[in-house]
**Student:** 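Take this structure, written in structure tokens, and hold onto it; I'll ask about it next.
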Number of protein chains: 2
Amino acid sequence: MKGFIGEFEELVLLTIASLAEDAYGVAIKESIEKRADRSISIGALHSTITRLEEKGYLKSWLGEPTQERGGRRKRYFEVTHQGKIELHNMKALRDELWKLSKATLSLAK
Amino acid sequence: MKGFIGEFEELVLLTIASLAEDAYGVAIKESIEKRADRSISIGALHSTITRLEEKGYLKSWLGEPTQERGGRRKRYFEVTHQGKIELHNMKALRDELWKLSKATLSLAK
DNA sequence: CTATTTTTAAGATTAAATAGAAAAATTTTT
DNA sequence: AAAAATTTTTCTATTTAATCTTAAAAATAG
């Protein structure tokens, strides 16, 4: 067990958090594609989600069938407490490094 | 060619930026270990650095031999303009997601 | 030549991407 | 109403890329 979170794993966790009540596969995919301006495959998303659940950073449950059009029941996701802690840790580290590098990383010519 | 930066690649870039004038292998390794409280191998660091140079996010040059103890000459690193842009993009996306998820990600019980 | 410091290379493991099959629900057709 | 087709979504298998581990090689000083 290692515990580190990859770049895509972190993006998925943050997106799920931002979607709150409506975090299921297809909505997560569309949200990432819109915000990150990057096209992702649903398969890549799903295998990442499975990995995150195994690591204990994500939990899920099946929703009730909606009376809209067709379709399989949605599986909803939520970031666990442990997942939130990891996200906070990663943010704290990056914020510190950005603070230290502010001058160096300026894009001004 | 894809262009995405992995979790460790980003950490390395930020650390190099934060070290400014003294960014060479061993110093980078020690800085990461101290700040991230995570032990890394020098080999993992160097293969990541090589990848970042190939992608154009990092440039390097050999330093002069120091007249201290023995040892090979140091190779110094610097984040390229392209690398800075990538770091800025990643930061902007995460900042946005954090802003949207603030309530959800609170650690309060 | 020996000890030190650092880089570099090779091989194994884990994360992420691609491609597409399988399920479950609704709608249309016979 | 049963069968077939359609829609929406989840899940599986395989390949490719990122990361880790281990250890060898190179350069410098004494």
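Reminder, nothing fancy here: chain letters follow the sequence lines and each chain counts from 1.
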**Student:** Taking the side chain of A:Tyr24 as heavy atoms from C-beta outward, which of D:dT21, D:dT9, C:dA17 is closest to it?
**Tutor:** D:dT9

**Student:** Between the base of D:dT10 and the side chain of A:Arg72, is there a donor-acceptor distance below 3.5 Å?
**Tutor:** yes

**Student:** Want to settle it: does B:Gly43 or A:Phe77 sit nearer the 5' end of DNA chain D, counting the closest nucleotide to each?
**Tutor:** A:Phe77

**Student:** Would you say A:Arg73 places a side-chain N or O within less than 4.0 Å of OP1 or OP2 belonging to C:dA25?
**Tutor:** yes

**Student:** Side chain of A:Ala44, heavy atoms from C-beta onward: which of D:dT21, C:dA17, D:dT10 has the nearest atom to it?
**Tutor:** C:dA17

**Student:** Counting just side-chain N and O atoms, does B:Arg51 come under 4.0 Å of either OP1 or OP2 of D:dT19?
**Tutor:** yes

**Student:** To the nearest angstrom, how far is A:Ile42 atom CD1 from D:dC11 atom C1'?
**Tutor:** 10 Å

**Student:** Return the value, rounded to whole Å, for the distance between atom CD1 of B:Ile5 and atom C1' of D:dT19.
**Tutor:** 15 Å

**Student:** Is a salt bridge present between B:Arg94 and B:Glu10, judged by a nitrogen-to-oxygen distance below 4.0 Å?
**Tutor:** yes

**Student:** Is any side-chain N or O of A:His46 closer than 4.0 Å to OP1 or OP2 of D:dT10?
**Tutor:** no

**Student:** Within this structure, what is the CG-to-P distance between B:Asp22 and C:dT5, rounded to whole angstrom?
**Tutor:** 15 Å

**Student:** Would you mind reading off the distance between A:Ile49 atom CD1 and D:dT9 atom C1', rounded to a whole angstrom?
**Tutor:** 12 Å

**Student:** Starting at NZ of A:Lys55 and ending at C1' of C:dA15, how long is that distance when rounded to a whole Å?
**Tutor:** 7 Å

**Student:** What are the two closest non-hydrogen atoms of A:Gly56 and A:Thr80, and how far apart are they?
**Tutor:** O-OG1, 2.6 Å

**Student:** Looking at B:Glu86 and B:Lys55, is any side-chain nitrogen of the basic one under 4.0 Å from a carboxylate oxygen of the acidic one?
**Tutor:** no

**Student:** Could you check whether B:Thr50 gets within reach of a base, just the sugar-phosphate, or nothing at all, counting any heavy atom under 4.0 Å?
**Tutor:** nothing

**Student:** Can you tell me how far the OH atom of A:Tyr76 sits from the OH atom of A:Tyr24, to the nearest 0.5 Å?
**Tutor:** 7.0 Å

**Student:** Among the candidates D:dT9, D:dT22, D:dT28, find the nucleotide nearest to the side-chain atoms of A:Lys74.
**Tutor:** D:dT9

**Student:** So, is A:Lys29 close to the D:dT9 phosphate, meaning a side-chain N or O under 4.0 Å from OP1 or OP2?
**Tutor:** no

**Student:** Taking atom C1' of C:dT14 as reference, at what distance in whole Å does atom CZ of B:Phe8 sit?
**Tutor:** 14 Å

**Student:** Figure out the CD1/C1' separation between A:Ile28 and D:dT8, and round it to whole Å.
**Tutor:** 15 Å

**Student:** So, for A:Lys84 and B:Leu107, which heavy atoms are closest and what is the spacing to 0.1 Å?
**Tutor:** CB-CD2, 3.6 Å

**Student:** Could you point out which residue of B:Ile42, B:Leu45, B:Asp22 forms a side-chain contact (heavy atoms from CB on, under 4.5 Å) with B:Ile28?
**Tutor:** B:Leu45

**Student:** Does B:Arg75 put a side-chain nitrogen or oxygen below 4.0 Å from OP1 or OP2 of D:dA27?
**Tutor:** no

**Student:** What is the nucleic acid contact for A:Ile40, judged by heavy atoms within less than 4.0 Å: base, sugar-phosphate only, or nothing?
**Tutor:** nothing

**Student:** Can you measure B:Glu10 atom CD to D:dA18 atom P for me and round it to whole angstrom units?
**Tutor:** 14 Å

**Student:** Closest nucleotide of DNA chain C for B:Gly25 versus for B:Ser47: which of these residues is on the 5' side?
**Tutor:** B:Gly25

